[in-house]
Amino acid sequence: MEEKQFSGILNGAVPGEPVKKDENSRRGNWGNQIEFVLTSVGYAVGLGNVWRFPYLCYRNGGGAFMFPYFIMLVFCGIPLFFLELSFGQFTSLGCLGVWKVSPMFKGVGYGMMVVSTYIGIYYNVVICIAFYYFFMSMTNLLPWTYCNNPWNTPDCAGVVGTPRANATFANVSAVVSGVTEIVNRTKRTSPSEEYWRNYVLNVSDGIGDFGEVRLPILGCLAVSWVVVFLCLIRGVKSSGKVVYFTATFPYVVLTILFIRGITLEGAVSGIKYYLTPQWEKILDAKVWGDAASQIFYSLGCAWGGLITMASYNKFHNNCFRDSIIISVTNCGTSVYAGFVIFSILGFMANHLGVDVSEVADHGPGLAFVAYPEALTLLPISPLWSLLFFFMLILLGLGTQFCLLETLVTAVVDEIGTDWIIKNKTYVTLGVAVIGFLLGVPLTTRAGIYWLLLMDNYAASFSLVVISCIMCICIMYVYGHKKYFKDVEMMLGFPPPVFFRICWRFVSPFIITFILIFTVIQYKPITYNDYVYPSWSLVIGFFMALSSVICIPIYALFKIAVSEGSTFLERLKNSVKPDPTWGPALQEHRKGRYATTGPESVEVHLLSEGSMCAITEAASSSLDSVL
């Protein structure tokens, strides 16, 4: 008996409720709640936790940055996370279906799909480059260690000298002379940077000069998409098993790299640089803006992934608890990754005799240039390189799984036929193939320019707009009182007062602040010394607008097709909840949902048919008796 009760709790059921293998047999559920939590952690914890947060932290006051960061987590991050999880779980529908709450706002769901499409295309290209570095690390000597390769230039200066000077790593005099040469140069180009720029990418002169496709990168892109497809071949049933490894093993690697890092000379100076608080920066609005932006983008709000993943939960699952666990884990991972990154960078700075700021970087520059170069200084460097890039691959795949599942679930829910549900694998395959083909241009010599353009424009202010409109729709159009009752019916308790206040006032205010901050801080994108031409920036703005424009276009369409003789009547009808809005299963449709929804209609018709059959049978029996 106790074992059954424990199993029920594990699967998200309320104690005392009958335990079922799949509560929603037609659509499916997670195997157990651990799978959902691990998947959501894998989704939220991505590459940005490793290559963006540590850089933001040291640039914005070190330990002082933690204060606004955690303030934003409490007042914006966790409330928005809880809102999206509860939204998807209540209806058991993806990012399109949930907008039955107010059909006029369905364009928000389409905007989420557009954003997820953009991110899914370029994110997998980053993963494929990590795959390439992983494969290239399977050697006795990392190819970016020295400057004696065909792709190197005269400006190249390695941190470990030349192969002849470093026949023995312990040859201190050779290393010192090499470092002296590096420090005396006015411009130093590292072998890892030249390997990245001249060999891996073979970067062209500009964004318009595509050149040839880089076949090794294209091959790795195919590998990446095949891995993603195979892991999602049975939807959440297969991905839920994969995340036991992909969501947990990165922490094993982080811990190994952390232990190795803190034992190196100079690691303490790197960590001090990362954490030493500069309290005067707390008064700088930019620091608060960076903290809010990092929380918002890191948790994956407004991508549609949180709604989608929660839609496979059982109806009474405690998503309030899950939202706190996942959000805190995500932010804790960011802080932990900072120790891993800066301990190694501190060692490298100490080795070169320069300040940590001269070796610190973020984004692809950290993942594929600065950190790999630091790894060449370690004994058995290929081993550490394999571990590092394997970690990046797993972090990226965790996010990519959810991005692809978001698109697939939206398509399947929208069509909704039995055939499409049974053949969901073909939809997954189709989306994966299209994603691969759209990613091919990013494997050309101009690919890095386009990748950074998409990263800077496709998922920036548009996410903020989408999230803000979602809050307004749920809290003010649908009505906060009704939504609070919905959450109470689902969880067994109403949302805490703190979250009610955040949903209605605080979080929308912070989101608006992020939007204003993003606009004020806008600078045209650059890549090293390359300045993007105006026409490419126009394309970037069109990518950003393409997701937001879905909202007014669909709203106008819905108003036009809604019933009513006047515009005001059509508007009122277009924002009314759809009759099928609410819990997906009839057993959960209580209170005001008791007589609505497709299943209740079927039950009602069935009851009428049964009554007719009983009446006819009784009449026949009476006739035979007479």
Using a cut-off of 6.0 Å, state whether more than 12 heavy atoms not belonging to [X] lie near its atom [atom1].
X	atom1	value
Phe557	CZ	no
Phe67	CZ	no
Phe70	CZ	yes
Tyr522	OH	yes

task: Apply ring-ring contact (aromatic ring centres under 6.0 Å, His included) to the pair Tyr336 and Phe53, showing each step before the final yes or no.
output: CA-CA 10 Å; Tyr336 188 37; Phe53 174 81; over 10 Å; no

Atom [atom1] in [X], atom [atom2] in [Y]: separation rounded to 0.5 Å?
X	Y	atom1	atom2	result
Leu230	Leu429	CG	CG	10.0 Å
Lys281	Asp290	NZ	CG	10.0 Å
Thr376	Leu142	OG1	CG	7.0 Å
Phe131	Leu392	CZ	CG	11.5 Å
Glu358	Leu352	CD	CG	9.0 Å
Ile217	Leu442	CD1	CG	11.5 Å

Could you tell me whether the side chain of [Y] reaches within less than 4.5 Å of the side chain of [X], counting heavy atoms only?
X	Y	value
Glu405	Gln400	no
Tyr251	Leu394	no
Ser204	Tyr449	yes
Leu83	Cys471	yes
Ser311	Leu93	no
Thr246	Phe401	yes
Ile207	Pro533	yes
Thr39	Cys402	yes

Please confirm whether the ring centroid of [X] lies under 6.0 Å from the ring centroid of [Y].
X	Y	answer
Tyr133	Trp144	yes
Tyr69	Trp288	no
Tyr274	Phe342	yes
Tyr55	Tyr58	yes
Trp303	Tyr43	yes
Tyr527	Tyr530	no
Phe249	Phe390	yes
Tyr132	Phe368	no

task: Kindly indicate, with the supporting measurements, whether the criterion side-chain contact (heavy atoms from CB on, under 4.5 Å) is fulfilled by Leu218 and Phe436.
output: CA-CA 9 Å; Leu218 181 65; Phe436 168 74; 3.9 Å; yes

side-chain contact (heavy atoms from CB on, under 4.5 Å) evaluation trace for Tyr457 with Leu545: CA-CA 9 Å; Tyr457 289 91; Leu545 290 173; over 6 Å; no

- request: Go through the steps to decide whether Leu397 and Val228 satisfy the test side-chain contact (heavy atoms from CB on, under 4.5 Å), and finish with yes or no.
  value: CA-CA 7 Å; Leu397 287 176; Val228 172; 3.7 Å; yes

Which heavy atom of [X] sits nearest to which heavy atom of [Y], and what is that distance?
X	Y	result
Ser327	Ile78	CB-CG1, 3.6 Å
Glu84	Leu306	OE1-CB, 3.7 Å
Met112	Ile307	CE-CD1, 4.0 Å
Gly109	Leu96	C-CD2, 3.6 Å
Trp196	Pro364	CZ2-CB, 4.1 Å
Ile233	Ser238	N-OG, 3.5 Å

Are the side chain of [X] and the backbone N or O of [Y] linked by a donor-acceptor pair below 3.5 Å?
X	Y	answer
Ser536	Tyr532	no
Arg445	Asn202	yes
Ser467	Leu463	no
Thr428	Lys424	yes
Ser385	Ser381	no
Asp361	Ala370	no
Arg214	Tyr199	yes
Ser547	Gly111	no
Asn456	Leu453	no

Regarding [X] and [Y], is there a side-chain donor-to-acceptor distance under 3.5 Å anywhere?
X	Y	result
Ser546	Tyr118	yes
Asp455	Tyr122	yes
Asn198	Thr153	no
Ser334	Asn49	yes
Thr189	Glu193	no
Ser190	Tyr195	no

- prompt: side-chain contact (heavy atoms from CB on, under 4.5 Å) between Cys550 and Tyr554: does it pass, once the steps are laid out?
  reply: CA-CA 6 Å; Cys550 295; Tyr554 190 87; 5.9 Å; no

task: Apply the test side-chain hydrogen bond (donor to acceptor under 3.5 Å, both in side chains) to residues Tyr312 and Thr409: give CA-CA distance (whole Å), side-chain angles for both, the deciding distance (0.1 Å), then the verdict.
output: CA-CA 10 Å; Tyr312 291 101; Thr409 298; 2.8 Å; yes

- prompt: For Ser224, what residues pass the side-chain hydrogen bond (donor to acceptor under 3.5 Å, both in side chains) criterion, not counting sequence neighbours?
  reply: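 side-chain hydrogen bond (donor to acceptor under 3.5 Å, both in side chains) list for Ser224, sorted by chain: Asn124.
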
task: Begin with the C-alpha distance, continue with both residues' side-chain angles, and end with the deciding distance and a verdict on disulfide (SG to SG under 2.5 Å) for Cys128 and Cys220.
output: CA-CA 5 Å; Cys128 88; Cys220 289; over 6 Å; no

- prompt: With Trp99, which of Met104, Lys558, Met470 fulfils side-chain contact (heavy atoms from CB on, under 4.5 Å)?
  reply: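 For Trp99, the side-chain contact (heavy atoms from CB on, under 4.5 Å) test succeeds with only one of Met104, Lys558, Met470, which is Met470.
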
